[in-house]
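Structure record follows, encoded as C-alpha cells.
To find a chain, count down the sequence lines: A is the first, B the second, and so on, and within it residues start at 1. The figures that follow rest on heavy atoms only: side chains count, while hydrogens, waters and symmetry mates do not.
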Number of protein chains: 2
Amino acid sequence: MDHTDQELLRLLSIDARMSLKSLADEVGMSSPAIAERLQKLQENDVIRAFTLDLNAEAMGYPMVAIVRIRPLPGKLLVVERLLQEIPEVAECDRVTGDDCFVARVYLRSIQHLDEVLNRIIDKAQTSTSIVKSQVVKRRPAPFVTE
Amino acid sequence: MDHTDQELLRLLSIDARMSLKSLADEVGMSSPAIAERLQKLQENDVIRAFTLDLNAEAMGYPMVAIVRIRPLPGKLLVVERLLQEIPEVAECDRVTGDDCFVARVYLRSIQHLDEVLNRIIDKAQTSTSIVKSQVVKRRPAPFVTE
DNA sequence: GGTGAAAAAAAATTTTC
DNA sequence: GAAAATTTTTTTTCACC
C-alpha cells in the first residue's frame, strides 16, 4: 500500500468504471502495472467490491431512519434474524451499550416506517430518529481522503 | 425503471466494473442498448456514482463507532462544520430527536477514539457505541434486492 | 427503444529490458 | 517490477427497424 495504491483507490472511489488506461495516465504508469495493482488490492481484500452509489429518493424511498433497537429478554437472536430479513434495513450493526442494534432503514413514507417497526414491536423496544439531512455524505474514511 | 433496469442495478452493485457486453448477455440485450440505459440511469440521478466497497480493517482502521452528538446551546453550526472536517467521520446525519447528529466513525484504536472525541468534547455531549459486528452488511436497500 | 455490423478504443498477453 | 508490442475483447458509432 504505497502512495500509488492510495491514489488508485481515490480515483476508483470517484469512478469505479475508469479504464486501466485512464488510471495509468493519472498516476503515470503503464496499464499492465495498474492491472496488477488492482488485482493485488482485491486479493488482499482491500477492495471488497466495485459497487454503486444509488439515489434512494429517485427510486421511491425518500426517507431514511436510524433506529436503535433493544430486544426484550431472550429475543436477541430472533430480532437479529428478523432485521436481516427486512429488506428496508440497509445496514445494521450490533453495538455496545444499552441499545443492542443500530439500523439504517430506507422508507417510502411515515406510514411505511410504522409497517416496518410493527414487525419487531413485540420483540424489542425501539427508538427512531428521522434523518433530516446528510451532514457528511458517506465517504471512504480517512485512508482515501487523507 | 423497468425490470431490466432493476436487473442492471443488481448486477452492477455486485460488480460495477462489469463490461457492457457481459451485462448485455446477462439481461439478453445488445451492448448499445445497455450503454444507453446506463447513461439514462446516470442522467436521471438513479446511479449517483460507480464506487468502491473498501475494507477499513485491511487499511489499519479495525474499529467502527457510532456516535450520537448533542451540541451545547449555540454550538450546532460549529459542531456541524467540525464533523465535516474530521476525516475519521465517514458518514454523519442530522436527525430528529434529542441527539442532533449521528456519526459513523472509523478508528485505529480506542486511543484514537479519544483523540477524535476530544475535538468536539467542549462543544457537544456525545454518546458512543462501539460496533461489535455487522448484522446487516450495507446493502443497496429494497429497490435492488427485492 | 431496440438490433447488427464496422470502426475505434481498451484490455490482456507475451516479450523484453 | 515495469515498458512495449501484439492479439483479443470491448465500446462506440451509425444505418436501420
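Annotation: side chain to side chain donor-acceptor pair (under 3.5 Å) contacts involving residues 81-90 of chain B, sequence neighbours excluded, comprise Glu88(B)-His112(B). Within the structure, every pair that satisfies the side chain to side chain donor-acceptor pair (under 3.5 Å) test and touches residues 14-34 of chain A, not counting sequence neighbours, is listed here: Ser19(A)-Ser22(A), Lys21(A)-Asp25(A). Screening residues 122-134 of chain A for salt bridge (Lys or Arg N to Asp or Glu O under 4.0 Å) gives no qualifying pairs among residues at least two apart or on separate chains.
Annotation for Leu113(B): hydrophobic cluster partners, listed by chain and number, are Val135(A), Val136(A), Met63(B), Val67(B), Ile69(B), Leu76(B), Val79(B), Leu82(B), Leu83(B), Ile86(B), Val89(B), Phe101(B), Val105(B), Leu107(B), Ile110(B), Val116(B), Leu117(B), Ile120(B), Ile130(B) (ILVMFWY side-chain heavy atoms under 4.5 Å, direct or chained).
Under the rule for a side-chain hydrogen bond (donor to acceptor under 3.5 Å, both in side chains), Thr4(B) has no partner lying at least two apart in sequence or in another chain. When the side-chain hydrogen bond (donor to acceptor under 3.5 Å, both in side chains) test is applied to Ser109(B), the partners found at least two apart in sequence or on another chain are Gln111(B). For Arg94(B), the salt bridge (Lys or Arg N to Asp or Glu O under 4.0 Å) test picks out no residue, with sequence neighbours left out. With sequence neighbours excluded, no residue satisfies salt bridge (Lys or Arg N to Asp or Glu O under 4.0 Å) with Arg119(A).
Atoms CD (Gln39(B)) and P (dT13(D)) sit 9 Å apart, rounded to a whole Å. Computed from coordinates, the Lys40(A) NZ to dA2(D) C1' distance equals 12 Å when rounded to whole Å. Remark: P of dA2(D) and CG of Asp25(A) are 16 Å apart, rounded to the nearest angstrom. Between the P atom of dG1(C) and the CG atom of Asn44(B) lies a distance of 11 Å, rounded to the nearest Å. dA2(D) atom P lies 9 Å from atom CD1 of Ile34(A), rounded to whole Å.
Side chains of Arg139(B) and Glu91(A) form no contact here, defined as non-hydrogen atoms less than 4.5 Å apart.
Remark on the helix from dG1(C)-dC17(D) to dC17(C)-dG1(D): inter-end axis angle 30°, axes from five-pair C1' superpositions, rounded to 10°.
Classification of Asp98(B) and Arg68(B) as a salt-bridged pair fails, no side-chain N sitting under 4.0 Å from a carboxylate O.
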Table please: side-chain donor-acceptor pairs of residues 34-60 of chain A below 3.5 Å, with sequence neighbours left out.
from, atom 1, to, atom 2, distance (Å)
Arg37(A), NH1, Asp2(A), OD1, 2.9
Arg37(A), NH1, Asp2(A), OD2, 3.3
Arg37(A), NH1, Asp5(A), OD1, 3.0
Arg37(A), NH2, Asp2(A), OD2, 3.0
Gln39(A), NE2, Glu43(A), OE2, 3.3
Asn44(A), ND2, Lys40(A), O, 3.3
Asp45(A), OD2, Asn55(B), ND2, 3.0
Arg48(A), NH2, Asn55(B), OD1, 3.2
Thr51(A), OG1, Ser13(B), O, 3.0
Asp53(A), OD2, Lys137(A), NZ, 3.2
Asn55(A), OD1, Glu57(A), N, 3.1
Asn55(A), OD1, Ala58(A), N, 3.4
Asn55(A), OD1, Arg48(B), NH2, 3.2
Asn55(A), ND2, Asp45(B), O, 3.0
Asn55(A), ND2, Asp45(B), OD2, 3.0

With sugar-phosphate taken as primed atoms, P, OP1 and OP2 and all else as base, the protein-contact string of nucleotides 11-17 of chain C at under 4.0 Å (heavy atoms; B, S, -) is SSB----

Write out a two-atom table: protein N or O, nucleotide N or O from nucleotides 15-17 of chain D, distance below 3.5 Å.
none

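One finds a side-chain N or O of Arg37(A) lying less than 4.0 angstrom from the OP1 or OP2 phosphate oxygen of dA2(D).
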